[in-house]
Structures are given as C-alpha cells and as structure tokens.
Amino acid sequence: MRKLFTLLLLFISYVGYSQVIIDNTANGTVALTTSLGSVTATNFQGKVFTTPAELSSGNLSKIKLSLYNTSANGAATINFNLYLADANNFPTGSALSSQSFGTTLTTTPTYYDFNLTSANWPLAASKKYVLVVSGTTASGTISWTTTNTSHTTSSSIAYVGTVRSTNSGSTWGTNSYLNGIQITATNLVLPVTLTQFSANLSKSGILSASWKTASEKNNSHFILQGSTDGKEWSNLATKNAVSNGDNGAEYNTEIDLKTVSIAGFGLVGLFLFPFYNRRSRIIAAFIVCSLFIVSCSKQSDELSLKTESLKVGSLKGTIYLRLAQVDKDGTVNYSHVISVKAPN
C-alpha cells in the first residue's frame with residue numbers, strides 16, 4: 001500500500017493537480033443577487049493578489065465568475081488579462097497572459113466556469129498581479145455581481161483588493177466590490193501543497209473531514225475551522241504535521257457537532273439534526289427560552305450573541321469549513337472553503 005501511495009503522489013506531481021487559491025463563492029454555493037458591477041468594452045474590473053517568495057512554480061488554470069445580463073439573454077464574450085501591478089495596485093506594462101471566452105448569459109445571476117490554457121498563465125514568486133476582466137454583448141449589459149462574502153486564499157497567495165477603470169484602462173481607481181470569483185491554479189509547488197479537502201455530515205451530527213498533501217516543508221500543524229456564515233470562524237480540530245519533506249500525508253478527523261459550538265451555530269443547531277427525540281427538543285427549547293429571558297433582564301453581550309444564533313435556522317444547516325495551515329514560524333495559510341449541509 002505504501003508503494004502504491006508513493007506512486008500515486010508521483011503521478012499527481014507529474015500530471016499536475018488543481019487547487020483553489022482565491023475564493024469568495026464557497027465553491028459556487030453562495031447565493032447571488034442582481035447587484036451591479038458592469039464589465040464592458042470600456043468598464044474593466046481587476047482583482048489584485050500577490051504570490052509568496054517560496055513559490056517555485058504554478059499556473060492559473062480556471063476562473064469562476066458570478067455573471068448575468070441586466071436586460072436580455074444572449075451571447076457574450078468575457079476577456080481575461082493578467083498584468084503586473086504597480087505600487088497603487090493598478091495594472092502596469094503589457095498583459096502577461098490573455099484569453100477570451102464566448103458564453104451565453106441570462107438575466108439570472110449564475111456562476112460560470114472558464115478553463116484557461118494553463119501553460120499560458122504562469123505565476124512567479126514574489127509578484128503582485130492584477131487579473132483584469134472585461135466583456136462585450138450585443139444587447140444589455142454584463143454585470144459581475146457580488147457575493148458580499150470576503151475572499152479566502154490558500155497556498156500563501158494573498159488577496160489585495162479590487163481596482164476598476166471606466167475608460168478602457170486609461171486610468172484606474174480602487175473600490176471595495178466583492179464580485180464573485182474563484183481562481184484555481186495548477187502545478188503549484190509550495191512548502192505545503194494541499195491536493196484534496198472534503199467533508200461530510202452524518203444524520204447523527206458527526207462531521208468527518210479529510211485532506212491530503214503532496215509535500216510539506218516547515219509545517220507545524222493544521223486547524224480545521226467551521227462557520228455558518230463564512231465570515232466568523234471557530235476552531236474545530238487540530239492535527240499535527242506527520243510529514244515534513246517532499247512526501248505528502250493524509251489526514252482524517254471526526255467531530256461530534258453536538259458537543260462543540262461553531263461560530264454562528266448555537267443551541268438552535270440542536271433542531272437541525274433529526275435524530276433528537278421529542279423530549280430532547282423540549283429540553284433544548286427550554287434552555288433557549290431561559291437564555292432569552294435572562295438576556296432580556298441582564299442585556300449581557302454573551303447572551304445577546306446566543307440570541308443571534310437563532311439566525312442559523314435560515315441557513316438550513318449549511319456549515320462552511322476551511323483549513324488553517326500553520327508553519328513552524330507561526331505563519332498561517334488558509335485553504336479554500338468547502339460546505340456541508342445538515343441532513344434532512
């Protein structure tokens with residue numbers, strides 16, 4: 001088995017593997033609205049990010065965008081250009097990589113995947129890049145709608161911000177748009193290279209998570225973190241590194257969600273799991289009501305926070321997960337975000 005696993009890692013290293021490096025879509029699960037953020041032949045929007053000094057190689061391979069047409073269904077062309085960024089985070093010089101895609105947009109905000117010719121989209125170490133998006137359509141306007149969710153990063157990639165031009169790139173300015181985007185890279189060579197991260201949630205409330213690495217250098221440990229809103233995170237489990245070299249490792253952990261508190265996931269989470277009997281539900285309801293009464297009388301911040309957990313019911317039990325990888329020097333890098341749902 002060990003020889004088979006080694007051969008598998010060598011195969012992955014040879015053919016290349018993909019990894020999400022920037023994401024504010026929770027892998028395309030964040031709900032979208034018809035917010036404005038036009039991308040046209042003259043209105044450009046750019047996402048700025050930096051690469052780490054320890055990056056040996058890597059290529060952009062796929063981009064996911066949240067798009068719609070403001071007034072009509074029809075054909076559209078989406079253009080991607082990668083530039084180096086100057087001190088103001090604005091594009092400078094000629095485009096390093098370019099590619100255009102034809103697609104059909106509707107008036108309903110939707111996630112679209114664009115597979116790049118990765119060999120033409122190399123990344124270098126210690127660089128600041130701007131990925132510029134523009135587009136054209138015969139009728140209506142292309143809108144790159146927002147997710148109102150913060151960007152998560154992995155592989156020591158750092159998200160810097162958004163820039164925008166309304167005159168075909170002649171001048172640029174900064175803005176705070178949270179346009180829905182997921183950027184995937186392939187052939188990344190870093191001190192810790194994550195190749196797989198998945199999880200599932202059983203009807204009994206047991207969360208099982210697993211992940212694999214292709215290589216680890218100076219890795220101290222991993223922290224599995226959970227959230228119900230994708231913004232505030234709680235530590236669920238810690239796993240010490242089992243490899244520190246060119247060989248990777250496999251990690252598995254199980255957490256009983258009945259015994260932990262996830263950010264935004266309070267006592268009302270008890271009602272999300274169908275295995276509880278009527279008596280348990282009555283007890284849980286009594287506890288919640290008691291906390292509510294006390295919060296009304298004392299108005300304490302802590303109990304107010306528990307009252308806020310009532311909002312978890314509207315999320316239908318969705319739990320977001322990510323990995324915090326901690327180097328031996330204390331540097332923390334975050335994985336892409338995945339989601340699981342409480343069983344019906």
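Keep in mind that what you see is a predicted model, and the values were worked out from it rather than measured.
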Original post:
Are a donor atom and an acceptor atom from the side chains of Asn79 and Ser134 found within less than 3.5 Å of each other?
Top reply: yes
**OP:** For Thr162 and Lys47, test the side chains for any donor-to-acceptor distance below 3.5 angstrom and give the result as yes or no.
**Re:** yes
**OP:** Give a yes-or-no answer on whether the side chains of Asn81 and Ser98 include a donor-acceptor pair shorter than 3.5 Å.
**Re:** yes
Subject >> Residues in side chain to side chain contact (heavy atoms under 4.5 Å, CB included) contact with Ser61, at least two apart in sequence or another chain >> reply: Ser18, Ser118, Thr184, Thr186
**OP:** Check whether any side-chain N or O of Gln182 sits under 3.5 Å from a backbone N or O of Leu65 as a donor-acceptor pair, and report yes or no.
**Re:** no
Original post:
With distance as the sole test, does Ser35 use its side chain to make a donor-acceptor pair with the main-chain N or O of Thr146 at under 3.5 Å?
Top reply: yes
Show every donor-acceptor pair shorter than 3.5 Å between a side-chain atom in residues 123-130 and any protein atom, with sequence neighbours excluded, or say none if there are none.
from   : atom 1 : to     : atom 2 : distance (Å)
Lys128 : NZ     : Asp86  : O      : 3.1
Lys128 : NZ     : Asn89  : OD1    : 2.8
Tyr129 : OH     : Ala124 : N      : 2.9

Original post:
Which value, rounded to the nearest 0.5 Å, describes the distance between Asn200 atom CG and Leu207 atom CG?
Top reply: 7.5 Å
Original post:
Tyr159 versus Thr152: any side-chain heavy-atom pair under 4.5 Å?
Top reply: no
Original post:
Between the side chain of Ser202 and the main-chain N/O of Ile206, is any donor-acceptor distance below 3.5 Å?
Top reply: yes
Original post:
Within the side chain of Asn88, is there an N or O that forms a donor-acceptor pair under 3.5 Å with the backbone of Phe90?
Top reply: no
**OP:** Examine the side chains of Thr70 and Ser143 and answer whether a donor and an acceptor come within less than 3.5 Å of each other.
**Re:** no
Original post:
Would you say the side-chain atoms of Thr147 pair up with the backbone N or O of Asn24, donor to acceptor, closer than 3.5 Å?
Top reply: yes
Original post:
Looking at side-chain heavy atoms only, is the closest gap between Ser210 and Glu254 below 4.5 Å?
Top reply: no
Original post:
So if you build clusters from Ile, Leu, Val, Met, Phe, Trp, Tyr with side-chain heavy-atom gaps below 4.5 Å, do Phe114 and Leu60 land together?
Top reply: yes
Original post:
Just checking, any donor-acceptor pair under 3.5 angstrom between side chains of Asp327 and Gln325?
Top reply: yes
Subject >> Gln196 versus Ser198, side-chain donor and acceptor atoms under 3.5 Å >> reply: yes
Original post:
Looking at side-chain heavy atoms only, is the closest gap between Tyr111 and Asp113 below 4.5 Å?
Top reply: no
Subject >> Residue pair Arg322 / Val337: nearest heavy atoms and the distance that separates them >> reply: CB-CG2, 4.3 Å
Original post:
Taking Thr108 for the side chain and Thr106 for the main chain, is one N or O donor matched with an acceptor at less than 3.5 Å?
Top reply: no
**OP:** Establish whether Val39 and Trp172 are linked, either directly or via other cluster members, by ILVMFWY side-chain heavy-atom contacts under 4.5 Å.
**Re:** no
Subject >> With sequence neighbours excluded, residues passing ring-ring contact (aromatic ring centres under 6.0 Å, His included) with Phe222 >> reply: Trp211, Tyr251
Original post:
Is there a side-chain contact between Asn73 and Thr104, using heavy atoms and a 4.5 Å cut-off?
Top reply: no
Original post:
Is there a donor-acceptor contact under 3.5 Å from the side chain of Ser227 to the main chain of Trp233?
Top reply: no
**OP:** Consider only side-chain heavy atoms of I, L, V, M, F, W and Y, link residues closer than 4.5 Å, and tell whether Leu67 and Val132 are in one cluster.
**Re:** no
Original post:
Just one of Asp23, Ile183, Ile181 clears the side chain to side chain contact (heavy atoms under 4.5 Å, CB included) bar with His151, so which one?
Top reply: Ile181
Subject >> Main-chain N/O of Leu194 paired to Thr213 side chain as donor or acceptor, under 3.5 Å >> reply: no
**OP:** Taking Ser154 for its side chain and Val20 for its backbone only, find out whether a donor-acceptor pair lies under 3.5 Å.
**Re:** yes
Original post:
Are any of the side-chain heavy atoms of Leu323 and Leu224 separated by less than 4.5 Å?
Top reply: yes
Original post:
Does Trp144 offer a backbone N or O that forms a donor-acceptor pair with the side chain of Asn179 under 3.5 Å?
Top reply: yes
